[in-house]
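Okay, structure first, notes after.
Numbering of ligands and ligand atoms starts at 1, following listing order.
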Amino acid sequence: MSGKVPDPFTLVIFGASGDLTRRKLIPAVYGLFADGLLPDGFRLVGYARTEKNQDAFLEELREGVQASARADSWDPQTWHAFAKRIRYQHGGYDADGFRILAKSLEQTHGPGNLLFDLATPPVAFAPIAEGLHDTGLVHPETPDAPWSRIIVEKPFGHDLASARELNRTLRRTFSETRTFRIDHYLGKETVQNLLVLRFANAIFEPVWNQKYVDHVQITVSETIGVEGRGGYYDQTGALRDILQNHMMHLLCLVAMEPPIALDAHAIRDEKVKLLRALRPIPQKCFAENVVRAQYAAGAVGGERVPGYRDEAGVAPGSVTETYVALKTFVDNWRWAGVPFYLRTGKRLAARITDVAIHFKPVPQVLFGADADHPLKPNQLGIRIQPNEGISLQFQTKVPGPAMEVRPYQMDFGYASAFGREPPDAYERLLLDAALGDSTLFIRADEVEAAWEFVEPLLEACEHEKDKALPTYAAGSWGPAEADQLMEADGRKWELMKRPVR
Ligand code: BG6
């Protein structure tokens, strides 16, 4: 993080009684406060429809902070000082509610800078943006006026049409430079490190193309199920929940061209170019390139867990995918012919987010390699989480008189190299929004370009809605069909060994 402290501002969190506020947002804001990164004039208003008194609200938030990764910075005195800045306000997302909110903000904080965070169900995004605008809480965009900014949490739209519609509302109410569409993956330190790895080193970029790269694998695997969000998840599925956003951003940063600068425009221009170069997967090619599946009952971490269809809130005959794997291509000069394999799923064997660059094999003419025992090609693994770091696999000679060659893995780990775990993604993103830096947020055309790639997939799913989905046992590595997708190309899913911390 830059270490810069923003100008005094009030953060208004809508949906303040919800899970996202307690688990992610408040621990992150507390972390910033504990690190001295918030200005003296910082205030926080938690706004929600639920009636709740101030003490009960603060108690919930305290529990959330103590249970979070930020528990290491827990200090009762700091909490006390932080809690004094927080106020709970209950009200609806309607004209009356916004009028009362505007009045109380004016009385308690004056006409200061305002950062709104929409941690509500997505149906409330547009009404809130419009309500804030109509109540005059969006300050004019003149140099000496205080600023108003809006953070929109995901999901941004349910499909291309709804994303476009929401973009139109935001343009009318806040303008693009004041809209911060969040994808918390972009706040992850290791995701940003992709840029450093690629563009601050001389040795990777020359081989980062179709001449040297055989294929790329991106895995986002989770052990958790739907975590009490069955009703929401059943309308969403893995394609919308993870692939359309988190995985598209990973893919962009892995494959995009070098930006001309490290600023919000230049980086996002390159990401959009990359998304536009993705080869669409039309319905007729869906079966060969996409696998969707659902978890059945099984055991995760030694505990029995129910199948997806038995989760609360999930329709008994649901055909919503909890797993998706697909093969795609980036149709540009750099990546022509290189397959990108993406997979994500819930209730898998381990929580791992990894990018693996599989290089082409060397000519198998030396070292006694034969067709049945070829030398293993080099692999570069980027561990996004957990145990964040980078691994490189290469061939070495086993000491001794024989010319025995064996792959060896060299590891870099954040925690051991820097003596601390990378900071939480939300801390970085909330601070950037308060500073007005939108580099790590999604631009309107970017979110639409990602939906444009996903749209034909959704159409194909709709077409197949009467077909049962393949299943995989909870705690496994996914359905056999996903392995077959790779085997058809003579490849397999591989995760590099995770070094011991
Ligand atoms: C969210 C999804 O965006 O990301 C969740 O809605 C998912 O379903 C979560 O569990 C994963 O985030 P992380 O940071 O734990 O990988």
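With respect to Asp354 and Arg498, a salt bridge is recorded, a charged nitrogen being found less than 4.0 Å from a carboxylate O. Of the charged side-chain nitrogens involved, at least one lies within less than 4.0 Å of a carboxylate oxygen, so that Arg172 and Glu130 count as a salt-bridged pair.
In this structure, the side chains of Arg351 and Glu222 stay at 4.5 Å or more apart for every pair of heavy atoms.
Partners of His249 under the side-chain hydrogen bond (donor to acceptor under 3.5 Å, both in side chains) rule, at least two apart in sequence or in another chain, are Lys271. Not counting sequence neighbours, the partners of Arg491 by the side-chain hydrogen bond (donor to acceptor under 3.5 Å, both in side chains) test are Asp214, His215, Tyr341. Residues forming a ring-ring contact (aromatic ring centres under 6.0 Å, His included) with Phe199 (at least two apart in sequence, or on another chain): none.
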Give a table of atom pairs where an N or O of ligand 1 lies under 3.5 Å from a protein N or O.
from: ligand 1; atom 1: 3 (O); to: Lys154; atom 2: NZ; distance (Å): 2.7
from: ligand 1; atom 1: 3 (O); to: His246; atom 2: NE2; distance (Å): 2.7
from: ligand 1; atom 1: 4 (O); to: His246; atom 2: NE2; distance (Å): 3.3
from: ligand 1; atom 1: 6 (O); to: Lys154; atom 2: NZ; distance (Å): 3.1
from: ligand 1; atom 1: 6 (O); to: Arg229; atom 2: NH2; distance (Å): 3.3
from: ligand 1; atom 1: 6 (O); to: Asp241; atom 2: OD1; distance (Å): 2.6
from: ligand 1; atom 1: 6 (O); to: Asp241; atom 2: OD2; distance (Å): 3.4
from: ligand 1; atom 1: 8 (O); to: Arg229; atom 2: NH2; distance (Å): 2.5
from: ligand 1; atom 1: 8 (O); to: Asp241; atom 2: OD2; distance (Å): 2.6
from: ligand 1; atom 1: 8 (O); to: Lys346; atom 2: NZ; distance (Å): 2.8
from: ligand 1; atom 1: 10 (O); to: Glu222; atom 2: OE1; distance (Å): 3.4
from: ligand 1; atom 1: 10 (O); to: Glu222; atom 2: OE2; distance (Å): 2.5
from: ligand 1; atom 1: 10 (O); to: Lys346; atom 2: NZ; distance (Å): 3.2
from: ligand 1; atom 1: 12 (O); to: His184; atom 2: NE2; distance (Å): 3.1
from: ligand 1; atom 1: 14 (O); to: His184; atom 2: NE2; distance (Å): 2.7
from: ligand 1; atom 1: 14 (O); to: Lys188; atom 2: NZ; distance (Å): 2.7
from: ligand 1; atom 1: 15 (O); to: Arg351; atom 2: NH2; distance (Å): 3.2
from: ligand 1; atom 1: 16 (O); to: Tyr185; atom 2: OH; distance (Å): 2.7
from: ligand 1; atom 1: 16 (O); to: Gln385; atom 2: NE2; distance (Å): 2.7

